[in-house]
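Report on the structure given below.
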Amino acid sequence: MFAQRLKNLKPYKPGEQPKDREYIKLNANENPYLPSPKIKDALKDIELQKLALYPDPDSHELKKAIAKSLNKTGGVLVPAADQKPLGFEITEDMIFCGNGSDEVLSFVFYAFFDSDKPLVSPEFSYSFYPVYAGYYGINLLKVPLNADFTLDTKAMLTIDSTGMIFANPNAPTGMALSVDEIEAMLKAYPKDKVFVVDEAYTDFSGYTVLPLLKKYENLLVIRTFSKSMSFAGMRLGFAVGAPALIQALTTTKNSFNHFPTDAFCQASAIAACSDIEWYSENCRKIIKTRDAFSKALVDSGWNVLPSKTNFVLVSKDGMPGKAVYEAIKAKGILVRYFDIDVIRDFVRITIGTDEQMEKLLEIIRTI
Ligand SMILES: *Cc1c(COP(=O)(O)O)cnc(C)c1O
């Protein structure tokens, strides 16, 4: 009854959503702020007829709207003073849209990575990468992090690989390589292999590698609307890269599902892109809350990795992550712990509103 390949699947486990009581959810890196009110207007005006017809399979208007907003901001919602300008115009043919960046990533694994050589990734990065590698029979080689949780870029570059993938800023550490460090990697990396940087959290970091696309045609940048754009429930992710790479993703998509972004998604995301200031403001608030929360934790004697994201990875000496998680959960707040060596002592806490973080701090001070 079941195919052989089913036995080998090791599915991804998302953050829990228990229903036994009302929890404050700080366990899935969701955005605590509402999406732009302009979306409500856009959806109010959507004609029912639109739902009876197939959507635009290639999301043309949406891709134009995304390109326009990236060109407007320079590629990051709250740019740091020394983030370099794009230096070129991002055009529609450089963008691919999918049903969440998880789906975009699955097409990336399918389109660019072979099984004859390893795909290189850091030991700790987005935990969906090993899942897709297993799904497609790709040999994922995880390179251990340095002792300070930074990526061992030297070791990653010495491997003869079919491709490279990591999140920057990385998850679950929250730490980031600089744009210059990534450019140094690209310089040393073969030009005929795809180099993927997953920028799911980049809007909280001030920096993006998008300006490097001008020089490196093997660079592919993955983005999501789920985090900085308060859109996790709608499912929209995209890739930015050279038109040849985008074309390969489109071929893959059209061999699997023509219509990954539905009519609601396209209409509401176009509206979102017309109100970028709304999201920049929310992003600024989250960054401010994160830095204040991190400082308060450090002042209370906790260890906090320096985060460039909307979450922090933290630990308390002598207490395993699971125990911290349970103590916090008993008081009505969900965070995430990891049943993996090296980060077993940590919990990952999503940055919510100031009020939510105040409540959490009160709980944490009693632990
Ligand atoms: C959340 C996340 C994603 C997935 O985003 P979706 O668009 O919601 O599928 C991808 N990569 C990283 C590193 C993430 O943290």
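When a ligand or atom number is given, it counts from 1 through the structure's own listing order. Numbers for residues simply follow the sequence, beginning at 1.
- Side-chain atoms of T162 and D114 form no donor-acceptor pair, as typed in the model, at a separation below 3.5 Å.
- Taking every non-hydrogen atom of T224 and a distance limit under 4.0 Å, the qualifying atoms of ligand 1 come out as 5 (O), 6 (P), 7 (O), 8 (O).
- Proximity to K227 (heavy-atom distance under 4.0 Å) selects the following atoms of ligand 1: 1 (C), 2 (C), 3 (C), 14 (C), 15 (O).
- A donor atom on one side chain and an acceptor atom on the other are found under 3.5 Å apart for S161 and Y189.
- Using modelled atom types and a 3.5 Å distance limit, the side chains of N27 and Y337 yield no donor-acceptor pair.
- Listed here is the closest heavy atom pair of F225 and A272: CE2-CB, 4.5 Å.
- When S101, S127, G98, A167 are checked for heavy-atom proximity to atom 10 (C) of ligand 1, S101 turns out nearest.
- The ligand atoms of ligand 1 that sit less than 4.0 angstrom from a heavy atom of S226 are 6 (P), 7 (O), 8 (O).
- Between Y129 and ligand 1, not a single N/O pair is under 3.5 Å apart.
- Under 4.0 angstrom from ligand 1, there are no non-hydrogen atoms of F225.
- For atom 15 (O) of ligand 1, the closest heavy atom belonging to the protein is Y201 OH, 2.6 Å.
- D198 OD2, 2.7 Å is the protein heavy atom nearest to atom 11 (N) of ligand 1.
- The atoms of ligand 1 that sit less than 4.0 Å from any heavy atom of R235 are 6 (P), 8 (O), 9 (O).
- Within ligand 1, counting atoms from 1 as listed, the ones closer than 4.0 Å to a heavy atom of G100 are 7 (O), 9 (O).
- When all heavy atoms of P169 and G174 are compared, the pair lying nearest together is CB-O, 4.0 Å.
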Applying ring-ring contact (aromatic ring centres under 6.0 Å, His included), run through Y132 and Y135 and close with a yes or a no. CA-CA 5 Å; Y132 285 136; Y135 189 91; 7.1 Å; no
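- Of the inter-residue distances, the one linking N282 atom CG with D203 atom CG reads 11.5 Å to the nearest 0.5 angstrom.
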